[in-house]
Amino acid sequence: MQIYNTLTKTKEEFIPKDKGQVSMYVCGPTTYNFIHLGNARPLVFFDTVRRYFLYKNYQVNFVQNFTDVDDKIINRAREEKMDPLELAQKYIREFFVDADALNVLRADTHPKVSEHIQEIIDLIKKLEAQGNAYAVDGNVYFAVRSFPPYGKLSGRSLEDMQAGARVEVDPRKKDPMDFALWKAAKPGEPSWDSPWGPGRPGWHIECSAMAEKYLGSGFDIHGGGYDLIFPHHENEIAQSEAACGQPFARYWMHNGFITVNQEKMSKSLGNFFLVREILAKFPPDVVRWYLLSTHYRSPLDFDDEKLVVAGKGLDRIKTAIRLLYEAMELPVYEEGAKPVADNLEEKLTSLRLEFERAMDDDFNTALAVSVFFELAKEVNIFVGKLDGKVTPEVKKLIDKAHALIKDFNSVLGILKEDKMTGRLILDAAGADDKLTEGLVQLIIKIRQEARSKKDWATADTIRDGLKELGVILEDTPQGVRWKKQG
């Protein structure tokens, strides 16, 4: 398996610190609003990375934090007239609503800054004792020049960074590039007691403290969006490695930006889209499919039409699965069933290898998605040759195709699984809604009765009415099929 390491700027063979185990830390959201599509991309991608390691039989320890103490949270809390920690907890709950909709697995640990103040203080004390940090007026700063490799992740030199620094620099800093580890308390803000007086943590120190607590030094993968490389991840490396004297994380992975009309999605430009708003217009499985249809390190340009196209593509996969489920219900006969001369078994083996090659090559989900399309095509061809009953050998092939579809989906996480039947749920909007299925089947039965009486006007009215509601009926030799319009 090859992973592009931002630290070395090259693809490297992935060799875990501990055989058969993978430790991952991914930066989570600052909880002052609903998550936007730019937050959703790393959320979905690193969930897929984790899923692939699980598919490969690794034990995975996955940590994703919540920043629940921050200037943005404090400012938003003032606007909403709420306690900052209560506001953060509100948006943590909302985060899980969106993450669950996108079929993102819960992390093994979701640490919050507010619950790790002591670990943060202990780390700052260590840095201060070693001469890597200094206190001024209740604030504590990291002395960047005390860590000579500073800039190794982003590739920036101190001279270039200083030249590009803002004119208004905090006069309490010894160097303009130094950054805050601890901020002195201000009236009306959350604060905790510390050796330097009441205050709260700076942004960067939280991830160092929490990653160290739950994964230790030298863990396998640290992930996040491209915008976190500098200064956040650069500062994490500096403070963590200065404190422990060894590499902080071994592989650094960063996903590309989401753009709108080729411009980076950002709140300052006013061109960001909340996941909640997008899910009101498009099914969550389509949104996830869209996010994984481009390689994670490439920019992903957003507009509604691209999601419409993604939905049509996903419908092709769903149609193949639906046909396969129909084939799984066909009666099995030892004799009298038409044998199917097909090399499907060899194709399934080949497609599994292609899928794994794609994912082993720096988690190329775009290529993995194309392999999924190829699998759907082969399933359609195979099922189309069946004549209403199957031999035991054909039944085994059908089951193998189903198993491969489920394996592909277990990695990409597009469709949720019905825990009772083990089958994939093809209607994300009504995942557990048996009522919808029952009502549509009842309407189909009424239409079939009208057709049997040659009441074509009623049959057409039912078909056209369902179409207006987004339900498409397809009359086939095997009976009437229905699907939701993508």
Under 4.5 Å between any side-chain heavy atoms of [X] and [Y], yes or no?
{"X": "Lys112", "Y": "Gln89", "value": "yes"}
{"X": "Leu314", "Y": "Tyr290", "value": "no"}
{"X": "Ile237", "Y": "Trp252", "value": "yes"}
{"X": "Asp361", "Y": "Lys11", "value": "yes"}
{"X": "Met210", "Y": "Val63", "value": "no"}
{"X": "Leu307", "Y": "Ile278", "value": "yes"}
{"X": "Asn39", "Y": "Val275", "value": "no"}
{"X": "Ile258", "Y": "Leu291", "value": "yes"}

So does [X] pair up with [Y], basic N to acidic O under 4.0 Å?
{"X": "Arg447", "Y": "Asp460", "result": "no"}
{"X": "Asp360", "Y": "Arg357", "result": "no"}
{"X": "Glu393", "Y": "Lys396", "result": "no"}
{"X": "Asp418", "Y": "Arg423", "result": "no"}
{"X": "Lys416", "Y": "Asp285", "result": "no"}

Exercise for the section: May I have the step-by-step check of ring-ring contact (aromatic ring centres under 6.0 Å, His included) for Tyr91 and Phe34, ending in yes or no? Expected result: CA-CA 6 Å; Tyr91 285 113; Phe34 299 101; 5.4 Å; yes

Does any donor atom in the side chain of [X] or [Y] lie under 3.5 Å from an acceptor atom in the other side chain?
{"X": "Tyr4", "Y": "Glu12", "result": "no"}
{"X": "His116", "Y": "Tyr214", "result": "yes"}
{"X": "Asp68", "Y": "Ser114", "result": "yes"}
{"X": "Asn61", "Y": "Ser23", "result": "no"}

Problem - For Lys306, side chain to side chain donor-acceptor pair (under 3.5 Å) partners two or more places apart - result: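 Lys306: side chain to side chain donor-acceptor pair (under 3.5 Å) contacts with Asp303.
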
Handout entry: Partners passing side chain to side chain donor-acceptor pair (under 3.5 Å) against Thr30 (at least two apart in sequence or in another chain)
Key = none

So which heavy atom on [X] is nearest to which on [Y], and how close?
{"X": "Glu345", "Y": "Leu397", "result": "CB-CD2, 3.7 Å"}
{"X": "Val332", "Y": "Pro392", "result": "CG1-N, 3.7 Å"}
{"X": "Cys27", "Y": "Asn65", "result": "CA-OD1, 3.4 Å"}
{"X": "Phe257", "Y": "Arg41", "result": "O-NH1, 3.3 Å"}

From [atom1] ([X]) to [atom2] ([Y]), nearest 0.5 Å:
{"X": "His402", "Y": "Tyr325", "atom1": "NE2", "atom2": "OH", "result": "3.0 Å"}
{"X": "Leu228", "Y": "Asn235", "atom1": "CG", "atom2": "CG", "result": "11.5 Å"}
{"X": "Lys318", "Y": "Ile425", "atom1": "NZ", "atom2": "CD1", "result": "10.5 Å"}
{"X": "Cys207", "Y": "Gln64", "atom1": "SG", "atom2": "CD", "result": "10.0 Å"}

Exercise for the section: Any pair with a residue in residues 366-384 that passes side-chain hydrogen bond (donor to acceptor under 3.5 Å, both in side chains), sequence neighbours left out, goes on the list, sorted by first then second residue, please. Expected result: Lys347-Glu378

Practice task
Keeping to residues at least two apart or across chains, list the salt bridge (Lys or Arg N to Asp or Glu O under 4.0 Å) pairs with something in residues 228-248.
Solution key: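 Pairs touching residues 228-248 that pass the test: Lys152-Glu241.
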
Handout entry: Qualifying salt bridge (Lys or Arg N to Asp or Glu O under 4.0 Å) pairs with a residue from residues 362-373, counting only residues at least two apart or across chains
Key =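 Of all non-adjacent pairs touching residues 362-373, those that pass salt bridge (Lys or Arg N to Asp or Glu O under 4.0 Å) are Arg297-Asp362.
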
Exercise for the section: Begin from the C-alpha positions of Arg288 and Asp47 and carry the test salt bridge (charged side-chain N to carboxylate O under 4.0 Å, His left out) through to its verdict. Expected result: CA-CA 11 Å; Arg288 183 167 179 128; Asp47 175 67; 2.6 Å; yes

Practice task
For Ala211, check side-chain contact (heavy atoms from CB on, under 4.5 Å) against everything at least two apart and list the hits.
Solution key: Tyr25, Phe219, Phe248

Completion exercise
Those residues at least two apart in sequence (or on a different chain) that pass side-chain contact (heavy atoms from CB on, under 4.5 Å) with Gln246 are Ser217, Cys244

Neighbour count above 12 (heavy atom, 6.0 Å) for [X] [atom1]:
{"X": "Lys406", "atom1": "NZ", "answer": "yes"}
{"X": "Tyr226", "atom1": "OH", "answer": "no"}
{"X": "Lys9", "atom1": "NZ", "answer": "yes"}

For [X], ring-ring contact (aromatic ring centres under 6.0 Å, His included) partners two or more places apart:
{"X": "His204", "answer": "Phe179, His232"}
{"X": "Phe408", "answer": "Phe355, Phe372"}
{"X": "His254", "answer": "His233"}
{"X": "Phe96", "answer": "Phe66, His110"}

Problem - Test log, rule side-chain contact (heavy atoms from CB on, under 4.5 Å), inputs Met359 and Asn364 - result: CA-CA 5 Å; Met359 293 300 291; Asn364 191 340; over 6 Å; no

Exercise for the section: Go through the steps for Gln59 and Val22 under the test side-chain contact (heavy atoms from CB on, under 4.5 Å), then give the verdict. Expected result: CA-CA 6 Å; Gln59 289 183 331; Val22 178; over 6 Å; no

Problem - Verdict with supporting geometry, Val309 and Glu305, side-chain contact (heavy atoms from CB on, under 4.5 Å) - result: CA-CA 6 Å; Val309 171; Glu305 184 55 36; 3.9 Å; yes

Handout entry: All salt bridge (Lys or Arg N to Asp or Glu O under 4.0 Å) counterparts of Asp108, not counting sequence neighbours
Key =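 Partners of Asp108 under the salt bridge (Lys or Arg N to Asp or Glu O under 4.0 Å) test: Arg50.
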
Problem - Phe53/Gln21 under side-chain contact (heavy atoms from CB on, under 4.5 Å): CA gap, chis, key distance, verdict - result: CA-CA 9 Å; Phe53 280 124; Gln21 300 180 40; over 6 Å; no

Handout entry: Aromatic ring pairing Tyr296/Phe45, orientation class (parallel under 30°, perpendicular over 60°, tilted between)
Key =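 Parallel, since the angle between the ring planes stays under 30°.
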
Practice task
Would you please test Trp203 and Phe142 for ring-ring contact (aromatic ring centres under 6.0 Å, His included) and show each step?
Solution key: CA-CA 12 Å; Trp203 176 31; Phe142 183 86; over 10 Å; no

Exercise for the section: Could you walk me through whether Arg463 and Asp475 pass salt bridge (charged side-chain N to carboxylate O under 4.0 Å, His left out), step by step? Expected result: CA-CA 10 Å; Arg463 182 198 61 205; Asp475 295 305; 5.8 Å; no

Exercise for the section: Spell out, as yes or no, whether a donor-acceptor pair under 3.5 Å connects the side chain of Thr31 to the backbone of Thr67. Expected result: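 Side chain of Thr31 to backbone of Thr67, a donor-acceptor pair under 3.5 Å: yes, one is there.
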
